[in-house]
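A note on names: the letters A, B, ... follow the listed sequences, proteins ahead of strands, and every chain is numbered from 1.
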Amino acid sequence: MKIASFNINGIKARVGALTDWLKEAEPDVAILQEIKSMDENFPREIFEDMGYNVETHGQKSFNGVALLSKLPLEDVTRGLAGAEGNGRDGGDDEEARYIEATVVGDKGAIRICGLYLPNGNPVDLDSTGQPVPGSKYDYKLKWFDRLTARAQELLAEEQPFLMAGDYNLIPQPEDAKRPEAWKDDALFRLESRTKFRRLTALGLYDALRLRNSAPETFTFWDYQAGAFQKNDGIRIDHFLLSPQAADLLTDCQIDAHVRAKDKPSDHVPIWVDLDL
DNA sequence: ATGGTAGTCCAACTA
């Protein structure tokens with residue numbers, strides 16, 4: 001079973017690039033981020049005509065996640081528990097960033113968690129260096145805590161699951177062409193990386209690093225300053241696998257060539273193949 | 001320090 005994640009940066013602008021890649025890559029499941037569309041405006045028929053079931057969790061203009069699957073999407077849930085009602089998440093995930101569903105393959109089921117973790121910039125700190133409550137950076141760090149809580153719940157079930165998407169997080173210096181340029185950025189600051197490390201330390205596996213130790217392996221290149229041509233990128237789109245899912249992993253790849261096509265997203269797809 | 005690009009949807013925000 002081939003499961004892919006792709007931050008498409010706007011479905012309206014990406015219908016062509018997305019359908020081209022789907023035809024070429026033929027994933028069984030595609031986890032999408034930044035659809036930037038309300039549910040009723042998502043062009044679901046285009047993907048249904050390609051044989052995909054479609055579940056969206058959208059909002060107007062910003063964020064928004066979706067699942068496309070050739071197999072039925074069961075027990076779909078939208079939003080991540082634990083919102084605080086701090087005005088930014090409205091107490092119930094005002095920002096559409098999370099969706100879950102179960103897919104059943106020939107050899108068993110897997111719970112698929114699709115996420116678009118907050119960017120977190122600008123980093124807003126008080127005089128003691130603590131993130132300002134209610135700031136974007138604070139929201140990012142708290143969102144990590146909520147995701148970690150959900151991972152703990154799922155790990156207790158001891159079943160295959162994965163959490164995939166745009167984590168807006170550079171795990172290590174080798175995951176950026178120019179790590180020094182990111183040292184004070186919410187994508188690389190120590191508080192953010194500590195949260196990511198705490199999540200993986202529960203016992204989740206970074207699928208790419210189970211299969212690939214090649215240098216300069218990135219999933220995002222800024223549109224500006226010819227970043228892709230210089231391979232001035234970062235690795236921020238990740239598949240984290242539960243132990244039971246990691247046991248099924250047969251491959252993990254990044255489709256970097258997609259970034260060189262017409263009207264590309266600034267992210268490229270990353271996918272895993274599981275023996276399911 | 002600014003502006004460089006892109007998407008959404010026409011003002012400004014997000015990345």
In whole Å, measure the gap between the P atoms of dG7(B) and dT2(B) for me. 26 Å
Base, sugar-phosphate or nothing for Ala13(A)? Non-hydrogen atoms, less than 4.0 Å. sugar-phosphate
Is the CG atom of Asp49(A) crowded by more than 12 outside heavy atoms at less than 6.0 Å? yes
Within less than 4.0 Å of OP1 or OP2 of dA6(B), is there a side-chain N or O belonging to Lys263(A)? no
So what does Tyr116(A) hit on the nucleic acid, given a heavy-atom distance under 4.0 Å: a base, only sugar-phosphate, or nothing? sugar-phosphate
In this structure, CD of Gln172(A) is separated from CZ of Arg193(A) (nearest 0.5 Å) by 7.0 Å
Using atom P of each nucleotide, how far apart are dA1(B) and dT14(B) to the nearest Å? 23 Å
Without decimals, in angstroms, what is the distance between Asn7(A) CG and dT8(B) C1'? 14 Å
Over how many whole Å does the gap from His267(A) atom NE2 to dT5(B) atom P extend? 19 Å
Phe62(A) CZ to dA15(B) C1', straight-line distance once rounded to whole Å: 10 Å
Grab the OH-C1' distance between Tyr223(A) and dA15(B) for me, whole Å please. 10 Å
How are the rings of Phe144(A) and Phe196(A) set relative to one another: parallel (under 30°), tilted (30 to 60°) or perpendicular (over 60°)? perpendicular
Leu32(A) CG - dG7(B) C1' separation (whole Å): 16 Å
Mapping Lys60(A) and Glu34(A) to their closest nucleotides on DNA chain B, which lands nearer the 5' end? Lys60(A)
Which whole-number value in Å describes the distance from Lys36(A) NZ to dA6(B) P? 13 Å
Between atom CD in Gln224(A) and atom C1' in dA6(B), what is the gap in whole Å? 8 Å
Between Ala225(A) and Lys12(A), which has a closest nucleotide on DNA chain B that is more 5'? Ala225(A)
dC9(B) and dC13(B), which share atom name P, separated by this distance in whole Å: 16 Å
Just call it for Arg97(A): base, sugar-phosphate, or nothing, with non-hydrogen atoms closer than 4.0 Å on any strand. sugar-phosphate
Rounded to the nearest Å, what distance is computed from the CD atom of residue Gln33(A) to the P atom of nucleotide dA6(B)? 21 Å
Test of understanding: clusters of I, L, V, M, F, W, Y form through side-chain heavy atoms closer than 4.5 Å, transitively. Do Tyr98(A) and Leu141(A) belong to the same one? no
Answer with yes or no after comparing the ring centroid distance for Trp221(A) and Phe228(A) against a 6.0 Å cut-off, counting only values under it. yes
